[in-house]
Amino acid sequence: MTSRTRIADLSATADGSTVTLGGFVETVRDQKKVQFVILRDETGSVQLVNPALRAEDEGAADEPERRSVTDSISALTGGSFLTVSGTLKLDERVKLGGLEVKISSLEVTGAAKEEPPIADDSSVDKRMDWRFLDLRRPAANLTFRAQTAFEHGMRGWFVGNDWIEIHTPKLMASASESRAELFEVEYFDTTAYLAQSPQFFKQMAQPAGFGAVFEIAPAFRADPSFTARHATEFTSVDAEMSWVTSHHDVMDMHEAVLRAGFDEVVQKHGAAIEETLELSVAIPDAPFPRVTLAEARDIVAAGGYDIPRADGDLDPEAERRLCAHIEETTGHPFVFVTDYDSSIRPFYHMRHEDNPALTKSYDLLYRGTEISTGAQREHRIDVLLEQATERGMDIEELESYLDFFRHGVPPHGGFGMGLARVMMLMLNLSSIRETTFLFRGPNRLTP
Ligand code: AMO
């Protein structure tokens with residue numbers, strides 16, 4: 001293992017120390033009297049300096065070494081990985097962090113054979129073609145650090161509250177959500193489907209007596225959309241817990257999980273996000289605003305917008321308008337929209353006792369975009385069967401799911417949330433392509 005100092009740790013290292021760094025070349029300035037290299041590692045960047053040999057240096061013991069450093073720098077290609085040793089000099093005049101390293105030895109450990117094919121202003125598609133180089137951008141690096149903290153904060157909440165983490169199969173015998181968005185996979189002499197959601201399996205943990213479970217894992221949707229918020233493969237954060245009395249219990253839990261995630265991001269990276277992305281991330285206040293779908297429709301209509309969808313669901317424009325209204329009136333960037341019509345919700349959502357036309361469900365919107373769906377589930381087998389039949393579901397195909405409800409199951413509910421969507425909105429980025437490590441869409445399967 002190469003022993004090296006991470007660039008972020010240089011500022012806490014004593015002036016005059018000998019340090020070894022490892023990173024990639026961001027820029028080279030090869031001047032007559034002095035050479036400068038900006039080296040970046042996963043924590044930051046630093047200026048390396050190599051003064052030119054002077055007449056009086058000739059014949060000195062270190063002359064061959066210094067000559068070789070100079071020649072190596074002259075031949076450097078942008079993007080090459082280097083190991084560099086040198087003397088740390090704290091110098092306030094240096095723009096980059098007030099320090100620089102005077103090179104004593106340099107090894108090109110991973111040479112770039114060509115200059116980088118992309119620049120910061122390349123198109124998103126081109127950047128995605130060269131994603132491993134695109135990810136070298138400090139903002140991209142920070143995005144995934146923030147995501148790590150966000151997941152860590154949420155996982156910390158789940159584990160701290162004694163939840164069980166599960167890993168459910170991504171190969172399934174039947175659809176769990178709409179059949180329209182299903183990927184089929186040849187599976188020996190039969191057909192399997194890629195899981196659209198861990199919905200059935202996280203619910204199965206309830207009759208298993210697990211109490212409360214979560215999963216952060218891939219989900220697949222054969223959705224041909226090219227929007228900023230759709231992928232064919234995405235990371236879904238799923239939670240499901242027993243003993244809920246309504247979808248409001250699920251929302252209480254959901255906002256606590258989110259706040260724990262945000263808390264971790266703010267603590268670990270709030271300052272860096274402010275500096276690099278020029279935005280301030282705040283922990284959202286609880287409780288988050290909650291409006292019913294009927295109220296949401298009224299709010300949007302009062303703002304002069306006619307929702308074009310025949311089924312009465314909010315379209316993306318209505319979601320944007322609703323969020324803008326909530327933000328304006330409450331200052332809150334999130335809003336739960338509750339009590340969706342039964343006709344536009346999956347068969348497994350529980351309906352209101354006193355009004356079966358409405359479900360005990362919600363969508364969570366953040367800055368104008370849906371990030372999550374949640375609900376109390378129907379756990380009474382006779383009612384569930386009725387709802388599935390009413391929907392024209394293939395009951396035979398559902399048998400193994402329906403079995404979960406025939407041997408005793410507590411009331412339960414949960415949510416599924418797209419990780420990349422939350423990160424996109426939190427960091428004010430334009431697309432989930434920016435917050436997905438390797439994006440998968442209808443015409444993207446590489447790299
Ligand atoms: P739903 O289908 O609404 O609900 O999905 C939940 C959340 O997953 C994210 N998401 C997507 N992200 C990127 N690309 C996609 N194609 C995509 N599709 C969905 C969104 C969405 O809000 N089983 C239910 C959840 C539950 O009730 O527990 C479900 O999957 O952020």
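As the structure lists them, so they are numbered: ligands from 1, and atoms in each ligand from 1. Everything numeric here is computed off the predicted structure, so don't read it as measured data.
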- Between R229, R345, Q203, R377, flag the one that comes closest to atom 13 (C) of ligand 1 by a heavy atom.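 Among R229, R345, Q203, R377, the closest heavy atom to atom 13 (C) of ligand 1 comes from R229.
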- Item | Heavy-atom proximity to atom 10 (N) of ligand 1, best of F234, Y362, Y366 |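 Looking at heavy atoms only, F234 sits closest to atom 10 (N) of ligand 1.
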Purely on distance, is any nitrogen or oxygen of [X] under 3.5 Å from one on ligand 1?
X	result
G416	yes
R221	yes
H349	no

Pick one of side chain, backbone, both or neither for how [X] approaches ligand 1, counting any non-hydrogen atom pair under 4.0 Å.
X	value
I371	backbone
S372	backbone
H230	both

Distance under 6.0 Å and angle within 45° of the ring axis: does [X] meet both against [Y]?
X	Y	result
R444	F439	no
R136	F24	yes
R391	F347	no
R179	Y193	yes

- Task: Verify, without hydrogens or angle tests, whether H248 (side chain) and S246 (backbone) share a donor-acceptor contact under 3.5 angstrom.
- Result: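 No, the answer is negative, given that no donor and acceptor are paired below the 3.5 Å cut-off.
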With a 4.0 Å cut-off on heavy atoms, is [X] touching ligand 1?
X	result
S236	no
A375	no
K202	yes

- Pair T245-D249, side-chain donor/acceptor within less than 3.5 Å: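 Yes, D249 and T245 have a side-chain donor paired with an acceptor closer than 3.5 Å.
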- What about H254 and H247, are their ring centers closer than 6.0 Å? no
- Note on the structure: Per salt bridge (Lys or Arg N to Asp or Glu O under 4.0 Å), R351 is matched among E378, E386, E390 by E390
